[in-house]
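Note sheet for the following structure.
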Amino acid sequence: LRRCLISVDRSLIEKSIPEVKRVLQTKDTFRNVTILSTLENLKSIKPVDVCCVTSHLLTFYRDRVFKDHQETSLEVMRQISSIANSFLYMQKTLEQCQVHNQCQCSQEATNATRTILDNYDQLEASSAALKSLGELDIFLTWIDENHQETSTA
Amino acid sequence: LTGGVAVLPAPQNLTVLSINMKHLLMWNPVAQPREPVLYSVEYQGEYESLYMSHIWIPSSRCSPTNSLECDVTDDITATVPYNFRVRALLGSQTSAWSTLERPFNRNSTVLMAPRMEVTEHGLHLVVKLEDPGPQFEFLVVYWRREPGATEHVKVVKSRDTPVHIETMEPGAMYCVKAQAWVKAIGRHSTFSQTQCVEMQGEPL
């Protein structure tokens, strides 16, 4: 079964996300709480589950995070738009895989993303969105590592 | 006129000219006799138009501008459709927005065959390629000009030119052609013209 792989636009990792992280993490008042920390222990996610977890988390950002965040800085707004539209493109790529049945969801994968959503719901929406945007580098690094042709995750 | 008050007309005929991943939004001028008219450009990616349709983002270069075109390359950062709108500004007056007829997707950009210069330097083939930007890679194909020649391929990032291709045989003729490739849109250009160079020295 050929694995479902997406590639991450380098400008996202090298420009948009560091800029958003630099600005937003200064406004994050809940320093000892994380939303995506579980991605640290998602290392054990089997390659066959990577597509499903990626798809769920892209949907989480699309439907919750980008909507719950109110941004006043024009430059940060542009960077978030850049990220949101890149995620939309990645999702379209993943949808091709779902058509070819390469995006199965095991219980473990569903639980992993469920934990992230629960973390999100622990906080008030705008705070949770702010924190999730500040943790985008964790998510993108995880995608980059797990969506390589030779990755052994 | 509206209620006796002059209404500033909206700019017309918005179009996007896109070549080698450089995207230029253009429109017709709004004629005003006395004062110069300014224009303001805003954009919406597919995400905004689908999920946050009230959100329009001022273009990073043209809000406002006195030009009739706007380089929107830095605004278009994903391979999804983008909407654009432009309005005219004259003193305190603003026109209605004029919106691009069809959203623009950067995967429709025109990719030109790369400009290439091939020279010989101490039995090395040296291939110089123009650098259209960081999103470009090149496929450099070279072969020795002889019956049944084998083609060799080298993938080169735009920042890594000129390319020095390994040692050639003296007195032999080598030919080169190149093609541009943009991973972000999954497309390549046509091949450049083939260029051939004869290596110095006596054939072995």
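Worth knowing before you read on, the calculation uses all heavy atoms, side chains too, and leaves out hydrogens, waters and symmetry mates. Note that the coordinates shown come from a computational prediction; the quantities given were computed from them, not determined experimentally. Throughout, protein chains are lettered first and strands after them, A, B, ... in sequence-line order, and every chain is numbered starting at 1.
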Check your understanding: Among residues 43-56 of chain B, which ones touch chain A with a heavy-atom distance under 4.5 Å?
Key -> B:Y43, B:G45, B:E46, B:Y47, B:E48, B:L50, B:Y51, B:M52, B:I55

Review point. Does atom CD of B:E146 have more than 12 heavy-atom neighbours from other groups under 6.0 Å away?
Key: yes

Study note, to complete from the structure: Bottom line for A:F66: the part with an atom under 4.5 Å from chain B's heavy atoms is both

Study note, to complete from the structure: Note: vs chain A, highest number of non-hydrogen pairs under 4.5 angstrom among B:A184, B:P134, B:S60 is B:S60

Review point. If you count the non-hydrogen atoms of other residues, nucleotides and ligands that lie under 6.0 Å from CD in B:E151, is the total more than 12?
Key: yes

Point to revise | With sequence neighbours excluded, residues passing side chain to side chain donor-acceptor pair (under 3.5 Å) with B:T77 | key: A:S82

Review point. So with a 6.0 Å cut-off around CD of A:Q25, is the heavy-atom count from everything else above 12?
Key: yes

Review point. Is atom CZ of B:R145 surrounded by more than 12 heavy atoms (other residues, nucleotides or ligands) closer than 6.0 Å?
Key: no

Point to revise | Flag if over 12 foreign heavy atoms under 6.0 Å of NZ, A:K92 | key: yes

Check your understanding: Non-hydrogen atoms of chain A under 4.5 Å away: do they reach the side chain of B:S59, the backbone, both or neither?
Key -> backbone

Point to revise | Inter-residue atom distance B:I57.CD1 - A:I80.CD1, 0.5 Å rounding | key: 9.0 Å

Review point. Does NZ belonging to A:K27 count more than 12 external heavy atoms closer than 6.0 Å?
Key: yes

Review point. For chain B, which of A:M77, A:M90, A:K67 has the most heavy-atom pairs under 4.5 Å?
Key: A:K67

Review point. If you tally heavy-atom pairs under 4.5 Å against chain A, which of B:D74, B:V80, B:I76, B:D75 wins?
Key: B:V80

